[in-house]
Amino acid sequence: MRTILKWLLRILLAFVLAAVAVGIWKREEITRLLAVNSLFAEEKIVTNFSHMNGAFLTTPVARGETPVTPLPDGPDATLPEDIGTWIDDRTVTSLLVLKNGEVVHESYHQGTGTDDRRISWSMAKSFLSVLLGIVLEEGAIDSLDDPVTKYAPLLKDSAYVGATLRNVLQMTSGVKFDEDYLDYNSDINRMGRVLALGGTMDGFAAGLKERDAEPGERWHYVSIDTHVLGMIIRGATGRDIPSLLSEKVIAPLGLEQPPYYITDGEGVAFVLGGLNMTTRDYARFGLMVEQGGTLDGRRIVSEDWLAESTTPSAPTEPGAIGYGYQWWIPTGAEPGISLARGIYGQYIYIDRARDVVIVTTAADRQFREDGVHDANIAMFRAIAEGL
């Protein structure tokens with residue numbers, strides 16, 4: 001009996017030691033997975049959104065040598081009376097308003113500050129749209145009507161066969177992709193776990209085999225389309241996105257701080273939502289777009305590309321919000337109004353007619369509830385019209 005007990009104890013000890021060894025070996029992956037699983041927890045979400053490098057692999061985006069583009073102070077704006085309630089209800093962490101290129105309001109909330117590099121979420125898509133326009137204009141891409149697989153051959157056996165660059169720009173690829181953030185087993189959450197565990201995003205995209213529509217047939221917002229745009233740019237130029245974005249967009253903007261991207265295990269940037277910047281630097285990007293592609297006298301992207309990108313061209317439902325090339329156009333918006341939009345209340349709202357740019361970052365866990373987005377747009381309109 002004692003002999004059997006000794007062997008059982010030895011076996012148990014061996015299992016414990018093996019578990020400890022695996023825990024040490026996979027410590028970083030386990031830590032990242034735990035961080036991802038609590039990323040949106042109410043008590044952690046604000047801090048997490050300003051420290052995404054604590055949960056994911058990251059890579060820097062060089063700011064370049066351009067002097068910091070000034071954002072001079074202007075006269076203090078008179079904001080809508082209910083702005084305080086809106087800030088609290090939407091867990092807004094920063095609000096910055098530019099009028100004629102001057103800062104007329106800047107405030108930080110929930111214990112955050114000016115130096116926080118905040119997660120963009122899907123605002124990053126609009127940065128990639130600008131980069132693709134530059135690459136197209138420089139001739140590395142022949143046409144928006146080229147097939148995706150011309151530049152991203154890894155997708156030759158995927159659901160992207162037959163889709164064009166224009167299709168993925170407009171979110172009309174037809175690829176079946178479940179973007180329910182509240183469903184643990186949805187495609188978007190499976191993708192998050194791929195990132196956390198150091199997997200490959202290219203492989204994830206290539207593994208999507210099903211469609212729920214033919215390319216170009218209907219609009220369906222699927223974030224993986226933006227990753228495919230990144231694959232196209234990389235295939236067309238032979239460059240990684242962080243260095244190319246740095247050279248073509250970030251360096252000319254004259255930012256205060258170098259941004260960083262979340263990456264997968266192969267160092268590929270999470271271009272659909274992994275860009276992290278300060279609020280003031282998001283504002284510089286917005287100001288460049290509001291000024292037709294220039295900033296401080298430097299031409300970054302053509303005005304024609306911005307006009308085409310921010311025109312509602314995707315086949316969204318009649319009366320619904322419009323969508324262009326990775327840009328949103330609010331329902332019934334006046335000409336010149338467009339926005340980059342993140343899922344948890346991140347916005348760059350651009351009103352070219354009024355020379356207004358509004359940037360918000362937030363940690364709004366109720367952002368997907370009915371009416372929240374419309375209420376946010378109404379607030380931005382009220383701010384712009386009151387200046």
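Just so you know, these numbers use all the heavy atoms, side chains as well, and skip hydrogens, waters and symmetry mates.
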Discussion item. Measuring centre to centre across the rings, with the benzene-like ring taken for any Trp, is F56 within less than 6.0 Å of H51?
Written reply: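 Not under 6.0 Å, so no.
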Any side-chain heavy atom of [X] within less than 4.5 Å of one from [Y]?
X    : Y    : answer
I358 : Y347 : no
Y160 : S173 : yes
I241 : L128 : yes
D76  : V104 : no
L275 : F285 : no
F270 : T263 : no

Worksheet item: Which pair of non-hydrogen atoms, one from G64 and one from A251, has the smallest distance, and what is that distance?
Response: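 For G64 versus A251, the nearest heavy atoms are CA-CB, 4.0 Å.
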Discussion item. Parallel, tilted or perpendicular, judged at 30° and 60°: which one describes the rings of Y282 and F127?
Written reply: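 Judged by the thresholds at 30° and 60°, the geometry between Y282 and F127 is perpendicular.
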Discussion item. Classify the ring geometry of F49 against F40: parallel below 30°, tilted from 30° to 60°, perpendicular beyond 60°.
Written reply: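 Perpendicular, since the angle between the ring planes exceeds 60°.
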Worksheet item: Can S223 and K125 be counted as having a side-chain donor-acceptor contact under 3.5 angstrom?
Response: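 Yes, because at least one side-chain N or O of S223 sits under 3.5 Å from a partner of the opposite role on K125.
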Worksheet item: Between Q326 (side chain) and L169 (backbone), is there a donor-acceptor pair under 3.5 Å?
Response: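 At least one qualifying donor-acceptor pair exists.
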Discussion item. With a 4.0 Å cut-off on N to O distance, would you call E290 and R352 a salt bridge?
Written reply: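 R352 and E290: not salt-bridged.
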Discussion item. Both conditions, 6.0 Å and 45 degrees, for the charged tip of R90 above the ring of Y344: are they met here?
Written reply: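 Pair R90/Y344 does not count as cation-pi.
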